[in-house]
**Student:** 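Sharing a structure here in C-alpha cells format.
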Amino acid sequence: MPIQRMQAKMLMEIRTWGKQLLLQFSGFTLRIHFLLFGSYTINEPKENRAPRLSLTFKNGTVYFYACSVRLLEEDLDDLYPWQADIMSDDWNAKRTRSLLLEQPELLVCDALLTQDLFAGSGNIIKNEVLFRKHLHPLNQIGYLPAKQLNALIKDVRQYAFLFLKWKKQYTLKKHWCVHNKSTCPRCLIPLKRAYLGKFKRRTFYCENCQVLFGHEKK
DNA sequence: CCGGTTGTTCAGCG
DNA sequence: GCGCTGAACAACCG
C-alpha cells in the first residue's frame, strides 16, 4: 500500500456502510473491515501484536488490528447503495423489499446475509430475527405473505439497534434467543442446528415455532 | 489444548 | 463469465 500517499492528509469524513468503516481523505478513501476478529484502539497500542494500520493525527493515534484495509479511488456514492444500510438514516425498506421481490426463490437465511440488501446484517442477526418473526430459515421470499415480509424487513433494522445497545452494555450474549443455544426458549424443544443456504452459515432455529410457508400439507 | 466462528476475498475448477 | 468449493486470514471463547 502506498503509505506515503497518506502523509500530511486531512481526514475529511468518517462514514460507514454496513460493517465497513470508510475514512475519506481528499482523493482517496481507506476502507476498513474488521471481519471476524478485528479491533481498534485510540492512543493505546496493544502490547502483544502489530497493528495492520495506524494513523497519527495532531490529536492522537488510531490503531487498527486484524482487519482488512483497502484503498478506494472511486467516488463512494458510485460504490455504495447507502439506502441498504440497516442502521442508516437513509435506510430504505421499500428499496430492499422490491429487490427481494425480484428474487422470489431466494431463501430468507441467504437474504439476511446479503449486504446489498441488508448492509450490516450478519449471522447472529439472521438467526435472531428469523426466530423473532417466527420464520423458518428455508422460506423462499416469494412464498412469504406480504405482511410477514414487511415485518421481517422492519425487524432487521430494529434488532440491529437492540444489538448495538446490548453490545455496549456487554449483555449481547445474554439476549440471544437461539444463536448458540440448544433449546427453544418459547416451546422448550431442542433447536435445530444446520449450515443452510448458499452461504452455509450456522443456523439455529425451532421447527415448531418458525413457520415454513408454501409447504402446507395437502 | 483444541475446535469452532460475529466475515470476506480469492484461486481453481467445471 | 457464472456458480460452487475450499483455503486463507486471525483472535477469542468454551
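Computation of the quantities below employed the complete heavy-atom set of this structure, encompassing side-chain atoms and omitting hydrogens, waters and symmetry-equivalent molecules. Protein chains get the first letters and strands the later ones, always in sequence-line order, with residue 1 at the start of each.
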**Student:** Is there a donor in the side chain of N123(A) and an acceptor in the side chain of R202(A), or the other way round, less than 3.5 Å apart?
**Tutor:**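 The criterion, which ignores hydrogens and geometry beyond distance, is not satisfied for R202(A) and N123(A).
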
**Student:** For I86(A) and A160(A), which heavy atoms make the closest approach, and how far apart are they?
**Tutor:**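 For I86(A) and A160(A), the tightest heavy-atom pair comes out as CD1-CB, 3.6 Å.
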
**Student:** Tell me, please, whether W82(A) has R15(A) positioned over its six-membered ring: NZ or CZ under 6.0 Å from the ring centre and within 45 degrees of its axis?
**Tutor:**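 That pair qualifies as a cation-pi contact.
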
**Student:** Cut-off 3.5 Å, side chains only: do T203(A) and K126(A) have a donor facing an acceptor?
**Tutor:**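 Yes, because at least one side-chain N or O of T203(A) sits under 3.5 Å from a partner of the opposite role on K126(A).
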
**Student:** What ring-ring contact (aromatic ring centres under 6.0 Å, His included) pairs are there with at least one residue in residues 100-139 of chain A, not counting sequence neighbours?
**Tutor:**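 Passing the test, one end in residues 100-139 of chain A: H136(A)-Y205(A).
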
**Student:** Indicate whether the side chain of E44(A) and that of Y63(A) have a donor and an acceptor atom separated by less than 3.5 Å.
**Tutor:**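 Side chains of E44(A) and Y63(A): no pair found under 3.5 Å.
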
**Student:** What is the ring orientation for W166(A) with Y159(A), classed by angle as parallel under 30°, tilted 30 to 60°, or perpendicular over 60°?
**Tutor:**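 Perpendicular: the ring planes of W166(A) and Y159(A) meet at over 60°.
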
**Student:** Hey, could you give me the CD/CG distance between E128(A) and L172(A), rounded to the nearest 0.5 Å?
**Tutor:**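 If we round to the nearest 0.5 Å, E128(A):CD and L172(A):CG are 8.5 Å apart.
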
**Student:** Ignoring hydrogens, what is the shortest heavy-atom contact between N139(A) and V211(A)? Give both atom names and the distance.
**Tutor:**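 The answer is ND2-O, 2.7 Å.
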
**Student:** Return yes when atom OH of Y170(A) has more than 12 non-hydrogen atoms of other residues, nucleotides or ligands closer than 6.0 Å, and no otherwise.
**Tutor:**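 No, not enclosed.
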
**Student:** Distance between the P atoms of dG6(C) and dG4(B), in whole angstroms?
**Tutor:**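 That atom pair is separated by 15 Å.
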
**Student:** Determine: side-chain N/O of K19(A) to OP1/OP2 of dT6(B), distance under 4.0 Å, yes or no.
**Tutor:**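 For K19(A), the contact criterion (side-chain N or O under 4.0 Å from OP1 or OP2 of dT6(B)) is not met.
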
**Student:** Is there a residue in residues 116-131 of chain A whose heavy atoms reach under 4.0 Å of DNA chain B, and which residues are they?
**Tutor:**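 Per residue number, the list reads G122(A), N123(A), I124(A).
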
**Student:** Report each atom pair, protein N/O against N/O of nucleotides 12-14 of chain C, whose distance is under 3.5 angstrom.
**Tutor:**
residue, atom, partner, partner atom, Å
dC12(C), OP2, R49(A), NH2, 3.3

**Student:** Report yes if at least one side-chain N or O of R201(A) is closer than 4.0 Å to OP1 or OP2 of dT6(B); otherwise report no.
**Tutor:**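 Checking dT6(B) against R201(A), a side-chain N or O does come within under 4.0 Å of OP1 or OP2.
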
**Student:** Between T96(A) (side chain) and A93(A) (backbone), is there a donor-acceptor pair under 3.5 Å?
**Tutor:**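 Side chain of T96(A) to backbone of A93(A): no pair is present.
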
**Student:** Roughly, in whole Å, what's the span from CG in L35(A) to P in dT6(B)?
**Tutor:**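 For the pair L35(A) CG and dT6(B) P, the rounded distance is 14 Å.
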
**Student:** Considering every strand and a 4.0 Å limit on heavy-atom distances, what is the contact class for Y195(A): base, sugar-phosphate, or nothing?
**Tutor:**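 Since only primed, P, OP1 and OP2 atoms lie under 4.0 Å of Y195(A), the category is sugar-phosphate.
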
**Student:** Look for any protein N or O under 3.5 Å of an N or O in nucleotides 2-8 of chain C and output each such pair with its distance, or none.
**Tutor:**
residue, atom, partner, partner atom, Å
dT5(C), OP2, K200(A), NZ, 3.4

**Student:** Look only at the side chain of T29(A) and the backbone of L72(A), and say whether a donor-acceptor pair between them is shorter than 3.5 Å.
**Tutor:**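 No; judged by distance alone, with no hydrogens or angles, the pair does not exist.
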
**Student:** Using the P atom as the point on both nucleotides, what is the distance between dA7(C) and dG3(B), in whole Å?
**Tutor:**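 Per the computed distance, 15 Å lies between those P atoms.
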
**Student:** Once you round it to whole Å, what is the distance between P of dT6(B) and NZ of K167(A)?
**Tutor:**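 Computing the K167(A):NZ to dT6(B):P distance gives 12 Å.
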
**Student:** To the nearest Å, how far apart are R202(A) CZ and dG3(B) P?
**Tutor:**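 Rounded to whole Å, this separation is 16 Å.
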
**Student:** Taking only Watson-Crick and G-U wobble pairs with both distances under 3.5 Å, what dot-bracket line describes DNA chain C, where [ ] shows pairs that cross earlier ones and | shows pairs with another strand?
**Tutor:** .||||||||.||||

**Student:** Against the six-membered ring of Y65(A), is K46(A) placed for a cation-pi contact (under 6.0 Å from the centre, within 45° of the normal)?
**Tutor:**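 Judged by the rule, K46(A) and Y65(A) form a cation-pi pair.
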
**Student:** What integer distance in Å separates F34(A):CZ from dT6(B):C1'?
**Tutor:**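 Roughly 14 Å, once rounded to whole Å.
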
**Student:** Below 3.5 Å is the cut-off: list the nitrogen or oxygen pairs between protein and nucleotides 9-14 of chain B, distance only.
**Tutor:**
residue, atom, partner, partner atom, Å
dT9(B), OP1, R31(A), NH1, 3.2

**Student:** For dT8(B), does OP1 or OP2 lie under 4.0 Å from any side-chain N or O of H33(A)?
**Tutor:**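 For dT8(B), OP1 or OP2 has a side-chain N or O of H33(A) closer than 4.0 Å.
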
**Student:** What is the distance, rounded to the nearest whole Å, between atom NE2 of H179(A) and atom C1' of dT5(B)?
**Tutor:**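 Taking NE2 of H179(A) and C1' of dT5(B), I get 8 Å after rounding.
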
**Student:** Looking only at heavy atoms, which two atoms of N59(A) and N43(A) are closest? And how far apart?
**Tutor:**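 It is O-ND2, 4.4 Å.
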
**Student:** Should the pair Y40(A) and F34(A) be assigned to parallel (<30°), tilted (30 to 60°) or perpendicular (>60°) ring geometry?
**Tutor:**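 Judged by the thresholds at 30° and 60°, the geometry between Y40(A) and F34(A) is tilted.
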
**Student:** Keeping the roles fixed (side chain from Q115(A), backbone from G120(A)), state whether a donor-acceptor pair exists under 3.5 Å.
**Tutor:**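 It does hold such a pair.
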
**Student:** Could you give the distance separating dT6(B) and dT5(C) at their C1' atoms, to the nearest angstrom?
**Tutor:**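 The answer is 22 Å between these two C1' atoms.
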
**Student:** Using atom CZ of R52(A) as one end and atom C1' of dA10(C) as the other, report the distance to the nearest whole Å.
**Tutor:**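 One finds 8 Å between C1' of dA10(C) and CZ of R52(A), rounded.
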
**Student:** Using a 3.5 Å distance criterion without hydrogens, assess whether the side chain of D85(A) forms a donor-acceptor pair with backbone atoms of G18(A).
**Tutor:**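 Looks like yes, one N/O pair under 3.5 Å.
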
**Student:** Figure out the CG/P separation between L21(A) and dT8(B), and round it to whole Å.
**Tutor:**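 Distance, rounded to whole Å: 14 Å.
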
